[in-house]
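Accompanying notes for the structure given below.
Note that the coordinates shown come from a computational prediction; the quantities given were computed from them, not determined experimentally. Start at 1 and go down the list; that is how both ligands and their atoms are numbered. One-based numbering along the sequence shown.
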Amino acid sequence: MKENFFDRSIDELAGILGDLDQTPYRLDQVLNWAYVRTVPDFSGMTNLSADLREKLSDILDLDPLTLVDRKRSRDGIEKLLLSLGDGELLETVLIQEKGYMTQCLSTQAGCGMGCTFCESARDGLSRDLTRGEILAQVATASRVLGNRRRLRNLVFMGMGEPLKNLDEVVPSLEIILDSRGFDFSPRRVTVSTCGWVPGIKRLSDEGLGVNLAISLNAGDDGTRSEIMPVNRKYPIKNLIKAAREYPLSNRQRITFEYVLIDGLNDSDDDAMKVAGLLKGIPCKVNLIPCNETSADYMPSPEARSTAFQKVLLDSGILATVRSSRGSEIGAACGQLRASSK
Ligand code: SAH
C-alpha cells in the first residue's frame, strides 16, 4: 500500500529523496509541487525525471482522500465529503467570504465528546485522523479551488475535537505554518475546542501562535454540563483560567463560540453570566443560532439573538451574531456525514 505523502515530515521526505540519490534542491521542487501547486500526482512534477517520478509514485500517494460528494449552497458554502483509505468518511467545508475563502478542517472521524446539540457526536468517535489526512484536506480543497492561494483562513472546527488529537494536529499545524509547506500565517489559523483543558495548556506550550476558539455555549456549569459532558470534568472556572493563560500576541483575541439554543442558554441572564466570565479577556464572542439537527433543539429567534448580543456589547464585549449559512446542504458540523450513513 502506498503511504499518504502528507504523513511524511519535510525531514522524512529529505531522507527519502536522499536515499534515491537526489540533491537537496530536488526536495524544494517536490515541496513546491505538493504544497504550493498541490498537484494530485507525481506525473505532474514536470521538472523531475520520469524515473524519479515513477519511484516516488510507487511509494507515496499525493491524493489519499476520495471525493465522495460535493454540495454547494446558494449562500456560498461548499461542503466536501471525503472518504479515507479505510472507508471512514470526513467532511471539510469551504466558506466563501468577501474576496477569500475559509476552510473548516476535520481532525477526527466522528467525535467522542458527546455535545448534545452536535451531529458529529451522534455516533461517537470512529478514530483520530492522521496528520496526513488533516493536511490532505487542504490539498484537496486547493485543487477544487484551483489554487492554494485562494484559501486564506483555516479553522480546525470541523468534525472532531482537535485537542484530543494533538499528536497529529500539532505536526499538521507545523506543516501548515512552514514556509516550505502550506505557508499560512498563524493569524490565519484557528484551533477550536469544546474545552479540553489539558489540551489548551499543551497548545499554549507549543507556542505556535495560532488563534484559539473555545465553544462556550453556556454561562453556568449546570447548563454547560447538561449539553457538553466535557464540562463535568473541566468546569467553566478551569476553562476560563486556561483561556486567560493562552499566550496572545498584540491585538490577537480568543474567540468564544456560543451556539444559541431556544429557551436553553439564550436569556439575558445567561448573557450577563457570560459577560462576567469573559471580563478582562481579550476576546470576541461569535453567537451562532443553532442549526437544527436530529436533537430537539431550536435556534433562538432573531430578536433573542440580538438581545443577547446587546447585553454583551453593553458590557464592553465584542460580539457578533453569525448568520447561519448553508443549512440547506446540512453544512453544520457532521451533518453531511450523518446523512450519508
Ligand atoms: N470540537 C471542537 C470543534 C468542532 S465543533 C469544538 O467544540 O469547538 C465546531 C463548532 O460547531 C463548535 O463551536 C460547536 O459549538 C458548533 N456546533 C456544533 N453543533 C452545532 C449546531 N447544531 N448548530 C450550530 N453550531 C454547532
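Taking the charged nitrogens against the carboxylate oxygens, Arg70 and Glu78 do have a contact shorter than 4.0 Å, which makes a salt bridge. The pair Glu91-Lys79 counts as a salt bridge, with a side-chain nitrogen and a carboxylate oxygen less than 4.0 angstrom apart.
Within the listing of ligand 1, atoms 23 (N), 24 (C) sit less than 4.0 angstrom from a heavy atom of Cys290. Taking every non-hydrogen atom of Ser215 and a distance limit under 4.0 Å, the qualifying atoms of ligand 1 come out as 6 (C), 7 (O), 8 (O), 12 (C), 13 (O), 15 (O). Contact atoms of ligand 1 toward Ser192: 2 (C), 3 (C), 6 (C), 8 (O) (distance under 4.0 Å to a heavy atom of the residue). If you number the atoms of ligand 1 from 1 as listed, the ones under 4.0 Å from a heavy atom of Cys118 come out as 18 (C), 19 (N). Heavy-atom contacts of Glu257 reach the following atoms of ligand 1: 13 (O) (cutoff under 4.0 Å).
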Using atom types as modelled, flag every donor-acceptor pair under 3.5 Å from a side chain in residues 272-279 to any protein atom, sequence neighbours excluded.
from	atom 1	to	atom 2	distance (Å)
Lys273	NZ	Asp220	OD2	3.2

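Remark: side-chain polar atoms of Ser267 are not paired, donor with acceptor, to backbone N or O of Gly263 under 3.5 angstrom. Of the possible donor and acceptor atoms, one in the side chain of Gln103 sits under 3.5 Å from a partner among the backbone N and O of Gln137.
Ligand 1 is approached by Gly160 to a heavy-atom distance shorter than 4.0 Å. Ligand 1 lies out of reach of Cys104, whose nearest heavy atom is not under 4.0 Å from it.
Under the 6.0 Å distance and 45° angle rule, Arg148 counts as a cation-pi partner of Phe184.
For Glu161, heavy-atom contacts with ligand 1 shorter than 4.0 Å involve the backbone as well as the side chain. If you look at Val259 next to ligand 1, the close heavy atoms, those under 4.0 Å, all belong to the side chain. Under 4.0 angstrom from ligand 1, the non-hydrogen atoms of Asn217 all belong to its side chain.
Heavy atoms from other residues, nucleotides or ligands lying under 6.0 Å from NZ of Lys233 number 12 at most.
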